[in-house]
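Here is the structure we will look at.
This is a predicted model, so every value here is computed, not measured.
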Amino acid sequence: MSTTLTNNAPPEVGATLQRLRLARGLTLEDLSRIAGVSKSMLSQIEREKANPTIAITWRLANALGVQIGELLSSEVRTAELIRVVDAHEIPTLPGAHAGYSLRILGPMDLAGKYEWYELTLAPGGELASQAHDPGTGEHLTVITGAVELEVGNEKRKVRHGATARYPADQNHVIRNTGKTEAKAVLVVVHR
């Protein structure tokens, strides 16, 4: 009689997590900020001292731009020449309380260098940002509708098809003063 042994141990995601994080040039602190998972938890996972919950695994996979299965697999995948990110995989920063939605279009490994977003503003909605690091600039291209941009004491109307370029190292607000939804692409360049 032969007996087949099965491995019921949970997957060891630590090495995979660390490999994916380092391949994207992210520190534990970077990934912690992007994924919303504490730095100490990330460290424990990478050292195989803790196993992440499904919710944490989902957050980490989204932050790293991979499928959950890739994070749970110890198999090293070859890089895809073309990587298509489906709409449901794109992380969104909900700002329903302020009437906006911000979809993170850029890859997480560029966060802190170059970031680009799809900004949707409901009528009356606004995205208010505190000053970013010195030298940071933003480029805002309005796709539909129009927005009002306030940087420091200056306000400007930005209409459909126009692009505003401005220093983002001071407080700034993008608001929809119109009666219809406005959409824009927002690019942040850190120095």
Pairwise side-chain contact, [X] with [Y], heavy-atom cut-off 4.5 Å (strictly under):
X	Y	result
Ile45	Asn51	no
Val13	Pro52	yes
Val142	Arg159	no
Arg156	Glu154	yes

Give a yes or no on whether the backbone of [Y] and the side-chain of [X] come within a donor-acceptor separation of less than 3.5 Å.
X	Y	result
Glu48	Gly14	yes
Ser32	Val37	yes
Arg19	Ala15	no
Asp169	Gly135	yes
Asp30	Ile34	no

Same apolar cluster (I L V M F W Y, side chains within < 4.5 Å links), Val187/Leu110 = yes

task = Calculate, to the nearest 0.5 Å, the distance between atoms CZ and CD1 belonging to Arg59 and Ile68 respectively.
result = 11.5 Å

request  = Measure the spacing between CD1 of Ile56 and OG1 of Thr53 and express it to the nearest 0.5 Å.
outcome  = 4.0 Å

note = The complete set of ring-ring contact (aromatic ring centres under 6.0 Å, His included) pairs with one or both residues in residues 102-122, sequence neighbours excluded, reads none

Result block: side-chain N/O donor-acceptor pairs under 3.5 angstrom for residues 161-168, not counting sequence neighbours:
residue, atom, partner, partner atom, Å
Thr163, OG1, Thr141, OG1, 2.8
Arg165, NH1, His139, ND1, 3.0
Tyr166, OH, Glu138, OE1, 2.6

Considering non-hydrogen atoms only, spot the tightest contact between [X] and [Y] and give its length.
X	Y	answer
Arg21	Glu46	NE-OE2, 2.6 Å
Ala50	Met41	CB-SD, 4.2 Å
Leu28	Leu42	O-CD1, 3.5 Å
Leu140	Ala184	CD1-CB, 3.6 Å
Asn176	Ala146	OD1-O, 3.7 Å

Which pairs of donor and acceptor atoms, one on a side chain in residues 85-92, lie under 3.5 Å apart (sequence neighbours left out)?
residue, atom, partner, partner atom, Å
Glu89, OE1, Gln67, NE2, 2.7
Glu89, OE2, Gln67, NE2, 3.4
Glu89, OE2, Asp86, N, 3.0

task = Test Val189 against Arg191 for side chain to side chain contact (heavy atoms under 4.5 Å, CB included), laying out the working first.
result = CA-CA 7 Å; Val189 180; Arg191 300 268 182 238; 3.9 Å; yes

inquiry  = Is it the case that the side chains of Gln130 and His172 hold a donor-acceptor pair, with the cut-off being a distance below 3.5 Å and no angle test?
reply    = no

Residues Thr144 and Lys183: side-chain donor-acceptor under 3.5 angstrom = no

query = side chain to side chain contact (heavy atoms under 4.5 Å, CB included) between Glu29 and Leu31: does it pass, once the steps are laid out?
reply = CA-CA 6 Å; Glu29 189 171 321; Leu31 184 56; over 6 Å; no

task = Could you go through the side chain to side chain contact (heavy atoms under 4.5 Å, CB included) check for Ser129 and Leu127 one step at a time?
result = CA-CA 6 Å; Ser129 300; Leu127 173 62; 4.2 Å; yes

